[in-house]
*Asks:* 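Sharing a structure, written as structure tokens. Questions coming.
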Amino acid sequence: MDEEGEDDDDEHKWWLENRWDDSVKWKTLSHAGVLFPPPYIPLPKGIRMKYDGVPVSLPPEAEEVMGFFAALLGTDYEADEVFVQNFFTDFLSILARYPPTNPVIRSFALCDFRPVFDHFQMVKDQKKALTKEDKERAKEEKAKLEEKYGWAYLDGRKEKVGNFRIEPPGLFRGRGKHPKTGMLKRRVLPEQVTLNIGKGTPIPPPPKGHKWGNIKHDQTVTWLATWNENINGSTKYVFLGATSSLKGISDLKKFEKARELKGHVHRIRKNYTRDLKDRLMAVRQRSTALYLIDQLALRAGNEKGDEEADTVGCCSLRCEHIRLEPEGNRVIFDFLGKDSIRYHNEVEVTHQVWKNLRHFLRGKSPSDDVFDQLRTASLNKHLTSLMPGLTAKVFRTFNASHTMEAQLRLLTNSAAPVSDKVLAYNRANREVAILCNHQRSVTKNHGAQMDRLGDKLKSVKYQRWRVKRKLLNVDPKLSKKRPELKEPESDLEPEWCEKHEMDLVEKEKEKLRKKFDRENEKALADGKKKLSEKELKVWFKEAEVVGKTYAKERKSGKVLAGARDTQDRLEAALAKLDERISVMKNDAIDKEENKTTALGTSKLNYIDPRITSAWCKREGVPLEKMFNKTLREKFKWAMDTEGDWEF
DNA sequence: TAAGTGGACTCAGAAAAGTTTCT
DNA sequence: CAGAAACTTTTCTGAGTCCACTT
């Protein structure tokens, strides 16, 4: 808590120092090490899985693994054959080492994890029902750990650590069709963990009875701890958080590199356009791939192994992933990219590119590589020769940021209200997200949510219509001066209005009923006489009369202004409703257009934050509307950007 | 020598947690 | 004002890119 904002004065403004050589990442480094997940706590005695209808007592080691699966009942994992198969194989091998006392488990089909699942569900509910104090205590407990492990000192400055928790054991959740999905990810022991820490700084003590695997003092890397994961043999790291200077510096460098490309891209395009017709097949493939990376913001596409999900990027595209349409030089891409997200896009390319692609496909089978003579390594080597430090991914950053800036210019109306500008920004952001193919799954009640938004909008329109009519009632001369006041609201069908009026009455009645109960309670407490049901009926009647009046006024088009409805007040109310409707409309449009598009990824990783910062300054939009607290922290280095700054 | 490989880092969507709004 | 629902932020960790090193 007291960390925030305490050191505004001595804050390290690294972006004001021009330190471009960062081969040495730090001089001194201290931290508290890593936090291990709590040890496994066996289930209560009576909670057991069943095998062939018989409860099975498992040793804790096996029970833990069983529990990993039991927790997933009802999810898509349960229906994933590979996931189930991989889990069960690993479960069996654990069982071989830690066998149950009674039956031998052989068949997955005979396993019943339901009792364990139900138990977990119960525990979850209990947790939810915890008292305020208990929840508060748990929160404090968490904060204490974060206080201890959440900070590192880099060159004497306090910096936030990102992921200080060692990943707990569990079932590997590979994305898409990962051949290893469901396999057991084993518990990591301190003996497997290497710490990286400054020489001469106290080494954080390992958990009791354990030793660290290794201690390093490598100043050329940024990680604080590392270990190997058993599924793919890949290396895991503990890094500093996104707000740290190290991450900030490399972020700034990334965007500066992309800006540098701006000055070269014209020449590079000319260069690869020429190469499209090169005699050498390798050169033609390279230039064609580069065209796609430049125009479509495709990823480089490294080769992948058989032990991974089958996904591709540009260089690894196979013939089955593209279809050529002679009409208008069209190409249809359909493949699974990073995270097995589908890239499905129909685009028009230049005739030369189209011809090249046709040539590359000729005589090949669907599973052959389109660019059989191209690797990401050789592509990047070529790019670096065109501009120092240029690689395929720089094009994605460049394209995204450039698109954002161009779209903002196109969509922003400086005279429009802030809410319109926010919508324009989100639309520009969305163009970038679509370009980068950043997707998300549709939330399960999206449809219902849209319906509700539409309904709310209508009810405000209904209010506005009444206010307009009241205005006309107050000053009939307005009918000529402002004919728009007479116009009906769009989408307000009589059927909807009728129902709405009934709803209004119902809601009013509910309110009255509550008021009635409340007053009676009070009367009881004060020893006064209770209100009779008859009284309530009278109230209800009044509500009904109001409802009927509304209906009548709607049908006649004549709405009587009340005693408090002065012209000034009505005008003010109208203006307020106009604003509210405009905001609601924009929200609804935004929501629908965002259904399957994830804006966050591009905002976080691809769009130069200075574009946003400058735009907000120029347009008088509060930056908080576009960047939440985390983003503002992460992009501290971009916050002082002037309004005339250009990417 | 270029192809393979491990290492270190960025980028990715889902899920959990937290906050705000609605009823 | 409580409890639920909606919405936002944070966490989590898997999946890429790219480089240096080795053979």
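Proteins come first, then strands; the chains are lettered A, B, ... in the order of their sequence lines, and each starts at number 1.
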*Asks:* Identify, between Val221(A) and Lys124(A), the residue whose nearest nucleotide on DNA chain B lies closer to the 5' end.
*Replies:* Val221(A)
*Asks:* Could you list the donor-acceptor pairs under 3.5 angstrom formed by side chains in residues 383-396 of chain A, with sequence neighbours left out?
*Replies:*
from	atom 1	to	atom 2	distance (Å)
Thr384(A)	OG1	Asn380(A)	O	2.9
Thr384(A)	OG1	Leu390(A)	O	3.1
Ser385(A)	OG	His382(A)	O	2.5
Arg396(A)	NE	Tyr606(A)	OH	2.9
Arg396(A)	NH1	Ala297(A)	O	2.7
Arg396(A)	NH2	Cys436(A)	O	3.3

*Asks:* Starting at NZ of Lys160(A) and ending at C1' of dT11(C), how long is that distance when rounded to a whole Å?
*Replies:* 12 Å
*Asks:* Does OP1 or OP2 of dA12(B) have a side-chain N or O of Tyr606(A) closer than 4.0 Å?
*Replies:* yes
*Asks:* Test the Lys236(A)-Trp227(A) pair against the cation-pi criterion, namely NZ or CZ under 6.0 angstrom from the six-membered ring centroid and within 45° of the ring axis.
*Replies:* no
*Asks:* With a non-hydrogen cut-off below 4.0 angstrom, is Lys142(A) in contact with a base, only sugar-phosphate, or nothing?
*Replies:* sugar-phosphate
*Asks:* More 5' along DNA chain B: Asn228(A) or Ser250(A), using each one's nearest nucleotide?
*Replies:* Asn228(A)
*Asks:* Once rounded to the nearest 0.5 Å, what's the spacing between atom CG of Leu631(A) and atom NZ of Lys603(A)?
*Replies:* 6.0 Å
*Asks:* Can you tell me if Lys185(A) touches the phosphate of dG14(C), counting only side-chain N or O atoms and a distance under 4.0 Å to OP1 or OP2?
*Replies:* yes
*Asks:* Just call it for Thr376(A): base, sugar-phosphate, or nothing, with non-hydrogen atoms closer than 4.0 Å on any strand.
*Replies:* nothing
*Asks:* Reckon His438(A) has a side-chain N or O less than 4.0 Å from the OP1 or OP2 of dA12(B)?
*Replies:* yes
*Asks:* With both distances kept under 3.5 Å, what pairs with dT8(C), Watson-Crick or G-U wobble?
*Replies:* dA17(B)
*Asks:* Students often mix this up, so state it plainly: with edges at 30° and 60°, are the rings of Phe333(A) and Tyr343(A) parallel, tilted or perpendicular?
*Replies:* perpendicular
*Asks:* Answer yes or no: does atom CG of Asp76(A) have more than 12 heavy-atom neighbours from other residues, nucleotides or ligands under 6.0 Å?
*Replies:* no
*Asks:* Starting at CE of Met281(A), measure out to CZ of Phe371(A) and round the result to the nearest 0.5 Å.
*Replies:* 10.5 Å
*Asks:* Looking at Lys236(A), does any N or O in its side chain come under 4.0 Å of the phosphate oxygens OP1/OP2 on dG14(C)?
*Replies:* yes
*Asks:* Would you mind classifying the nucleic acid contact of Lys127(A) as base, sugar-phosphate or nothing, using non-hydrogen atoms under 4.0 angstrom?
*Replies:* nothing
*Asks:* Within the structure shown, what part of the strands sits under 4.0 Å from Ser441(A) by heavy-atom distance: base, sugar-phosphate, or nothing?
*Replies:* sugar-phosphate
*Asks:* For the CG atom of Asp90(A) and the CZ atom of Phe172(A), what is their distance to the nearest 0.5 Å?
*Replies:* 12.0 Å
*Asks:* Can you pull out the residues from residues 384-400 of chain A that lie within a 4.0 Å heavy-atom distance of DNA chain B?
*Replies:* Lys393(A), Arg396(A)
*Asks:* Thinking salt bridges, do Asp251(A) and Lys634(A) make one under a 4.0 Å N-O criterion?
*Replies:* yes
*Asks:* Return the value, rounded to whole Å, for the distance between atom CG of Leu599(A) and atom P of dG13(B).
*Replies:* 11 Å
*Asks:* Could you check how far CD of Gln219(A) sits from C1' of dA8(B), rounded to whole Å?
*Replies:* 17 Å
*Asks:* Which residues within residues 297-315 of chain A lie with some heavy atom under 4.0 Å of an atom in DNA chain C?
*Replies:* Arg299(A), Ala300(A), Gly301(A), Asn302(A), Lys304(A), Thr311(A)
*Asks:* Check this one for me: any side-chain N or O of Thr222(A) less than 4.0 Å away from OP1 or OP2 of dC9(B)?
*Replies:* yes
*Asks:* Heavy atoms only, 4.0 Å cut-off, all strands: where does Phe239(A) land among base, sugar-phosphate and nothing?
*Replies:* base
*Asks:* For Lys254(A) and dC11(B), is the shortest distance between a side-chain N/O and OP1 or OP2 below 4.0 Å?
*Replies:* yes
*Asks:* Please state how far atom CZ in Arg165(A) lies from atom C1' in dA16(B), giving the value in whole angstrom units.
*Replies:* 12 Å
*Asks:* May I have the distance from Ile341(A) (atom CD1) to dG14(C) (atom P), rounded to whole angstrom?
*Replies:* 16 Å
*Asks:* Tell me: NZ of Lys603(A) to P of dC11(B), nearest whole Å?
*Replies:* 17 Å
*Asks:* By the 4.0 Å heavy-atom rule, please label Gly233(A) as base, sugar-phosphate, or nothing.
*Replies:* nothing
*Asks:* Which part of the nucleic acid, if any, lies within contact of Arg173(A), taking any heavy atom under 4.0 Å across all strands shown: a base, the sugar-phosphate backbone alone, or nothing?
*Replies:* sugar-phosphate
*Asks:* Mind checking Ser378(A) for me? I need base, sugar-phosphate or nothing, with any heavy atom below 4.0 Å counting as a touch.
*Replies:* nothing
*Asks:* Starting the side chain at C-beta, find the nucleotide from dC11(B), dA8(B), dT13(C) nearest to Asn163(A).
*Replies:* dT13(C)
*Asks:* In plain terms, say whether Arg375(A) and Glu303(A) are close enough for a salt bridge, that is, a side-chain N and a carboxylate O under 4.0 Å apart.
*Replies:* yes
*Asks:* Check Arg259(A) with Glu256(A), please: is the shortest side-chain N to carboxylate O separation under 4.0 Å?
*Replies:* yes
*Asks:* Rounded to whole Å, please give me the gap between CG in Asn594(A) and P in dA6(C).
*Replies:* 17 Å
*Asks:* For Leu604(A), which contact category applies under a 4.0 Å heavy-atom criterion: base, sugar-phosphate, or nothing?
*Replies:* nothing
*Asks:* Hey, is Lys629(A) close enough to Glu624(A) for a salt bridge, meaning N to O under 4.0 Å?
*Replies:* no
*Asks:* How many Å lie between CG on Leu72(A) and C1' on dA14(B), as a whole number?
*Replies:* 13 Å
